[in-house]
Amino acid sequence: FDTASYYETEEYAAEAIRRSGLPREDFFIATKLWKEEMGYEESLAACERSLKRLNTDYIDLYLIHWPKPTPDYEDWKQLDLDTWRALEKLYKEGKVRAIGVSNFLPHHLDNILENCEVKPMVDQIEYHAGYTQEATVQYCKQHGILVQAWSPISRGSIFHDETMIEMAKKVSAISENFVIKIPAIEGGITAARKLEKMGIRTNVTLIFSPSQAILPAKNGSLFVSPF
């Protein structure tokens with residue numbers, strides 16, 4: 001589950017897990033602290049609130065949702081470092097199993113890497129055909145940070161892209177399944193948002209293998225968010 005305090009869906013994820021009857025360890029839960037929760041003490045408190053809402057004693061992946069609380073925030077470097085220091089503490093205490101960031105660009109990541117004890121493990125960024133953020137992706141690859149793609153279908157606009165439609169036809173896939181798979185093919189993780197049960201199931205059970213003539217095959221993972 002990919003959720004966040006801002007989404008107000010953490011309690012729904014907890015209820016879904018409870019109703020499933022499956023053990024907690026069968027699920028991977030990622031959540032994020034919001035812009036207004038940044039700062040050392042604020043981030044520690046935010047994590048405790050998320051743990052309570054998720055009804056769990058640990059979070060698999062905890063992210064800083066954005067690098068700045070506002071676009072014109074001047075002292076964002078120190079704020080990011082204070083926030084990251086809190087995530088490192090949570091990681092060392094075992095309250096979170098992995099820590100990372102979201103929507104961070106190379107200069108934001110530079111600030112963290114130059115001052116951290118534990119480097120970010122994930123950077124969740126908008127990534128889809130037509131907007132692949134190559135500079136950030138390459139930076140993350142060079143520094144061993146896994147890229148996770150949000151909005152892999154470009155809020156639905158990708159369905160009208162003739163190039164994507166034709167490429168999907170070549171591998172006998174519908175265009176949605178094809179574009180969802182692209183980040184995984186490129187070595188990243190896809191956070192695919194779905195509201196209906198059948199759509200979630202389809203995302204999880206993607207079975208086609210795109211031709212190497214279209215895209216080079218690489219190891220990757222699918223990470224599904226029903227929220």
Side-chain angles (χ1 to χ4, degrees), residues 2 4-7 30-40 42-43 46-47 59-92 96-155 157-158 179-193 215-216 218-223 225:
D2 176 54
S5 62
Y6 181 73
Y7 302 160
T31 192
K32 315 171 194 67
L33 65 90
W34 187 236
K35 300 173 183 179
E36 297 168 357
E37 298 173 314
M38 297 176 74
Y40 184 76
E42 294 87 344
S43 297
C47 184
I59 293 167
D60 295 284
L61 174 63
Y62 199 42
L63 306 177
I64 304 174
H65 210 146
W66 288 92
K68 299 180 182 181
T70 60
D72 59 350
Y73 192 87
E74 294 184 359
D75 198 19
W76 63 268
K77 287 187 175 182
Q78 188 58 52
L79 183 64
D80 281 2
L81 293 180
D82 292 342
T83 304
W84 188 252
R85 188 161 53 89
L87 265 64
E88 289 179 324
K89 175 179 171 64
L90 293 165
Y91 175 71
K92 292 173 182 177
V96 298
R97 301 286 179 87
I99 52 178
V101 296
S102 180
N103 302 300
F104 275 52
L105 301 178
H107 65 286
H108 302 129
L109 291 166
D110 273 339
N111 180 47
I112 298 292
L113 292 177
E114 290 169 2
N115 297 279
C116 68
E117 294 182 17
V118 181
K119 73 177 183 180
M121 301 165 189
V122 172
D123 188 5
Q124 187 184 101
I125 59 173
E126 182 176 3
Y127 179 104
H128 49 76
Y131 188 63
T132 54
Q133 300 209 60
E134 283 301 314
T136 301
V137 170
Q138 291 306 315
Y139 181 100
C140 288
K141 286 183 178 180
Q142 292 167 8
H143 292 86
I145 301 170
L146 185 64
V147 172
Q148 183 181 42
W150 63 261
S151 191
I153 60 174
S154 185
R155 301 172 181 83
S157 65
I158 204 75
V179 297
I180 285 175
K181 194 69 174 178
I182 289 176
I185 297 166
E186 292 298 308
I189 298 175
T190 300
R193 179 178 181 269
L215 290 169
K218 298 178 182 177
N219 292 329
S221 304
L222 180 68
F223 189 61
S225 169

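In what follows, every heavy atom counts, from backbone to side chain, and hydrogens, waters and symmetry copies are set aside. Predicted model only: the values in this text are computed from it and were never measured.
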Are Leu87 and Val96 close enough, and set up right, to give a side chain to side chain contact (heavy atoms under 4.5 Å, CB included), and what steps lead you there? CA-CA 8 Å; Leu87 265 64; Val96 298; 6.0 Å; no
Residues Asp2 and Tyr7: side-chain donor-acceptor under 3.5 angstrom: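 Per modelled atom types, Asp2 and Tyr7 side chains form no pair under 3.5 Å.
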Apply the test side chain to side chain contact (heavy atoms under 4.5 Å, CB included) to residues His108 and Val101: give CA-CA distance (whole Å), side-chain angles for both, the deciding distance (0.1 Å), then the verdict. CA-CA 10 Å; His108 302 129; Val101 296; over 6 Å; no
Between atom [atom1] of [X] and atom [atom2] of [Y], what is the distance when rounded to the nearest 0.5 Å?
{"X": "Met38", "Y": "Asp82", "atom1": "CE", "atom2": "CG", "answer": "9.5 Å"}
{"X": "Thr83", "Y": "Glu88", "atom1": "OG1", "atom2": "CD", "answer": "11.5 Å"}
{"X": "Leu146", "Y": "Asp123", "atom1": "CG", "atom2": "CG", "answer": "9.5 Å"}
{"X": "Asp80", "Y": "Cys116", "atom1": "CG", "atom2": "SG", "answer": "12.0 Å"}
{"X": "Trp76", "Y": "Leu81", "atom1": "CH2", "atom2": "CG", "answer": "8.5 Å"}
{"X": "Ile64", "Y": "Lys32", "atom1": "CD1", "atom2": "NZ", "answer": "13.0 Å"}

A side-chain contact here means heavy atoms from C-beta on lying under 4.5 Å apart; do [X] and [Y] qualify?
{"X": "Lys35", "Y": "His65", "answer": "no"}
{"X": "Trp84", "Y": "Ile99", "answer": "yes"}
{"X": "Cys47", "Y": "Leu33", "answer": "no"}
{"X": "Ile125", "Y": "Val137", "answer": "yes"}
{"X": "Thr31", "Y": "Tyr62", "answer": "yes"}
{"X": "Ile59", "Y": "Leu90", "answer": "no"}

Do Asn115 side-chain atoms and Asn111 backbone N/O form a donor-acceptor pair below 3.5 Å?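 Side chain of Asn115 to backbone of Asn111: a pair is present.
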CD (Glu36) with more than 12 external heavy atoms under 6.0 Å: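 Open: at most 12 neighbouring heavy atoms sit under 6.0 Å from CD of Glu36.
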Would you find more than 12 non-hydrogen atoms of other residues, nucleotides or ligands less than 6.0 Å from Lys68 atom NZ? yes
Taking all non-hydrogen atoms of both residues into account, name the closest pair between [X] and [Y] and its distance.
{"X": "Cys140", "Y": "Leu109", "value": "SG-CD1, 4.0 Å"}
{"X": "Pro69", "Y": "Leu79", "value": "CD-CD2, 3.6 Å"}
{"X": "Pro106", "Y": "Ala135", "value": "CG-O, 4.1 Å"}
{"X": "Ser102", "Y": "Pro67", "value": "O-CD, 3.9 Å"}

Glu74: which residues meet the salt bridge (Lys or Arg N to Asp or Glu O under 4.0 Å) condition with it, sequence neighbours left out? none
Parallel, tilted or perpendicular: rings of Tyr139 and His143 (30°, 60°): parallel
If the plane angle is over 60° it's perpendicular, under 30° parallel, otherwise tilted; pick one for Tyr6 and Trp34.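 Geometry flag for Trp34 against Tyr6: parallel rings.
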